[in-house]
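Below is one structure, written out as structure tokens, with a few remarks after it.
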Amino acid sequence: MSEQDQMLTQRETIELHELLSIEVMAKKKLKTTKMTIQDYSELSSYVDDVINAKEQNVEELKQFISSNVLQ
């Protein structure tokens, strides 16, 4: 596969940026929400799991962005 075939189109780049923004905002909102539900250990634990998943998604997107696929 040629280097040009591996590059993202402008639309794909924009969509990737939007996806990254959505994940970051969702993580921020969950962290804010978690402060209000500390009394409910089961719900708090679930929110922690979702926050961790969002953080992992963000890291994976960052790795993808910085990989050779985009260069």
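When hydrophobic clusters are built by joining Ile, Leu, Val, Met, Phe, Trp and Tyr residues whose side-chain heavy atoms come closer than 4.5 Å, directly or via intermediates, Met25 is not grouped with Ile51.
Rounding to the nearest 0.5 angstrom, the gap separating the CD1 atom in Ile22 from the CG atom in Leu61 is 10.5 Å. To the nearest 0.5 Å, atom CD1 of residue Ile14 and atom CG of residue Leu19 are 14.0 Å apart. From Leu20, atom CG reaches atom CZ of Phe64 across 12.0 Å, with rounding to the nearest 0.5 Å.
Under the side-chain contact (heavy atoms from CB on, under 4.5 Å) criterion, Ser21 pairs with His17, sequence neighbours left out. For Gln56, the side-chain contact (heavy atoms from CB on, under 4.5 Å) test picks out Glu60, with sequence neighbours left out.
Looking at every heavy atom in both residues, Leu30 comes nearest to Val50 through CD1-CG1, 3.3 Å.
The salt bridge (charged side-chain N to carboxylate O under 4.0 Å, His left out) pairs that include a residue from residues 41-53 are Lys34-Asp48, where partners are two or more places apart or lie in different chains.
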Evaluation steps, side-chain contact (heavy atoms from CB on, under 4.5 Å), between Thr13 and Leu16: CA-CA 5 Å; Thr13 303; Leu16 183 60; 5.7 Å; no
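Residues Glu15 and Arg11 are paired through a salt bridge, judged by an N-O separation under 4.0 Å between the basic side chain and the carboxylate. At a threshold of 4.0 Å, the pair Glu55-Lys31 counts as salt-bridged, since one of the basic side-chain nitrogens sits closer than that to a carboxylate oxygen.
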